[in-house]
Amino acid sequence: MAAFDLLKLSLLLNLLSSSNLSPSNNAGGVSVFPPTCNRIECPSYDVIHTGNGFEIRRYNSSAWVSTQPIDDVSFVSATRKGFLQLFDYIQGKNDYQQKIEMTGPVITEVKPSDGPFCASSFIVSFYVPKENQADPPPAKGLNLQKWGLTYIAVRQFDGFVADEDLGEEAAALYASVGGTVWGNAIAKSHAGEAATDYIVAQYNSPFEFRNRVNEIWLTFDWKDDLAM
């Protein structure tokens with residue numbers, strides 16, 4: 001069984017590192033419920049607005065286990081490194097030696113670099129299942145993030161995520177919310193950043209080649225009584 005798990009992980013990492021072989025086809029908005037969330041646990045949220053090419057969600061309070069910041073010129077490479085740490089974590093490499101069920105999505109927070117040849121900063125995170133939310137196992141080199149109610153603007157795209165897609169997808173999301181109250185809230189929330197930070201959410205196993213769903217997220221502050 002250990003040999004089989006090692007082979008499976010090796011194949012998974014090879015697919016992650018080769019994701020640019022299958023470029024994404026832009027979905028142009030939000031229209032698909034990730035099929036993965038019918039099979040594994042995903043964080044719960046409410047859709048509070050649907051716009052032209054975007055969706056506004058309010059995520060409930062939750063816990064995430066996150067890597068330390070990873071400096072890299074490649075999103076694919078950084079996510080691969082972070083996922084390996086998180087895979088070890090859910091396989092029992094934590095202080096409780098406890099195995100944890102896989103969840104979705106795996107998210108990567110992106111702090112863009114100032115130039116094409118400079119390293120960006122990436123934090124890869126795993127959503128903690130409800131069963132473990134009250135007491136997530138700690139682990140060396142990983143951090144626990146506690147989310148309160150969190151507002152997120154979302155854009156979907158399909159295929160395998162490639163480095164060259166991300167700037168275009170993030171820019172498309174930012175443009176689609178432009179001129180709306182949501183766009184104003186996003187601009188205000190990210191006003192102190194040299195370049196707007198964003199999150200990439202990936203729902204599918206690398207072994208899945210059909211019905212792939214990925215998302216770009218822009219988080220922002222919002223007063224609950226103003227939700228539309």
Side-chain angles (χ1 to χ4, degrees), residues 8-45 54-55 57 59 62 64-67 69-70 72 74-91 100-112 120-129 142 145 147 150 152-173 197-219:
K8 187 174 180 180
L9 176 58
S10 176
L11 288 170
L12 184 150
L13 292 175
N14 285 336
L15 283 167
L16 278 173
S17 62
S18 303
S19 63
N20 60 336
L21 297 178
S22 182
S24 67
N25 298 313
N26 296 340
V30 177
S31 59
V32 178
F33 179 79
T36 306
C37 295
N38 291 318
R39 305 191 303 271
I40 62 176
E41 186 180 337
C42 295
S44 59
Y45 63 85
F54 69 94
E55 183 173 86
R57 299 175 185 168
Y59 279 80
S62 57
W64 299 71
V65 171
S66 306
T67 66
I70 300 168
D72 205 311
S74 166
F75 166 89
V76 172
S77 172
T79 299
R80 179 181 182 274
K81 293 173 186 174
F83 180 82
L84 180 58
Q85 296 177 47
L86 296 174
F87 182 85
D88 286 344
Y89 174 81
I90 66 175
Q91 288 297 304
I100 300 172
E101 290 295 326
M102 186 64 194
T103 63
V106 172
I107 64 173
T108 304
E109 301 174 56
V110 182
K111 293 183 180 296
S120 296
S121 180
F122 304 91
I123 296 175
V124 186
S125 300
F126 166 84
Y127 169 68
V128 178
L142 298 176
Q145 289 193 51
W147 287 23
T150 303
I152 300 177
V154 179
R155 173 183 172 84
Q156 287 183 342
F157 60 105
D158 61 11
F160 286 92
V161 179
D163 290 327
E164 56 268 23
D165 297 329
L166 297 181
E168 180 179 345
E169 294 293 341
L173 174 57
D197 296 351
Y198 58 92
I199 294 173
V200 182
Q202 298 185 76
Y203 288 89
N204 298 82
S205 160
F207 298 102
E208 297 178 85
F209 295 93
R210 298 173 58 247
N211 301 319
R212 298 190 64 82
V213 178
N214 313 295
E215 295 173 342
I216 296 288
W217 292 359
L218 289 172
T219 61

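The model shown is predicted, which means the values in this text are computed figures rather than measured ones.
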Do T219 and W217 get their side chains close enough for a donor-acceptor pair, meaning under 3.5 Å?
no
Report the distance from atom OG1 of T108 to atom CD1 of I199, rounding to the nearest 0.5 Å.
9.5 Å
For V76, does its backbone N or O pair with a side-chain atom of D163 as donor and acceptor, under 3.5 Å?
yes
Closest heavy-atom pair and its distance - V65, L86
O-CD2, 3.8 Å
Can you name the closest pair of heavy atoms from P112 and D197 and give their distance?
CD-OD1, 3.7 Å
Side chains of T79 and D72: does their closest heavy-atom pair fall under 4.5 Å?
no
Tell me if the CD atom of E101 is crowded by more than 12 foreign heavy atoms within 6.0 Å.
no
Could you tell me whether a side-chain N or O of N214 sits under 3.5 Å from a main-chain N or O of Q202, the two making a donor and an acceptor?
no
Which value, rounded to the nearest 0.5 Å, describes the distance between R155 atom CZ and L218 atom CG?
11.5 Å
Rounding to 0.5 Å, atoms OG (S62) and OH (Y45) come to a distance of 13.5 Å
Under a 3.5 Å threshold, yes or no: a donor from one side chain and an acceptor from the other, between Q85 and T67?
no
Do the side chain of N204 and the main chain of F209 share a donor and acceptor less than 3.5 angstrom apart?
no
In this structure, CG of L166 is separated from CZ of F157 (nearest 0.5 Å) by 5.5 Å
Given side-chain contact (heavy atoms from CB on, under 4.5 Å), test V200 with I216 step by step and report yes or no.
CA-CA 5 Å; V200 182; I216 296 288; 4.0 Å; yes
Closest approach of W64 and S125, non-hydrogen atoms and distance?
CE3-CB, 4.0 Å
Mind checking whether Y203 and N211 have side chains closer than 4.5 Å, heavy atoms only?
no
I70 to A78 - nearest heavy-atom pair and separation
CD1-O, 3.6 Å
Considering all heavy atoms, the nearest S121-P69 contact
OG-CB, 3.5 Å
Sequence neighbours excluded, which residues qualify as salt bridge (charged side-chain N to carboxylate O under 4.0 Å, His left out) partners of E55?
R57
Sequence neighbours excluded, every pair satisfying salt bridge (Lys or Arg N to Asp or Glu O under 4.0 Å) that has a member inside residues 198-214
R39-E208
Could you check whether F83 and F126 have their ring centres less than 6.0 Å apart?
no
Indicate yes or no: at least one non-hydrogen side-chain atom of Y59 is less than 4.5 angstrom from one of I152.
yes
Judged by atom type as modelled, is there a donor-acceptor pair below 3.5 Å linking the side chain of T103 to the main-chain atoms of Y127?
yes
Looking only at heavy atoms, which two atoms of I100 and Y89 are closest? And how far apart?
CD1-CE2, 3.5 Å
Measure the spacing between CD of E215 and CD of E169 and express it to the nearest 0.5 Å.
11.5 Å
From CZ (F122) to CD1 (I107), nearest 0.5 Å
14.0 Å
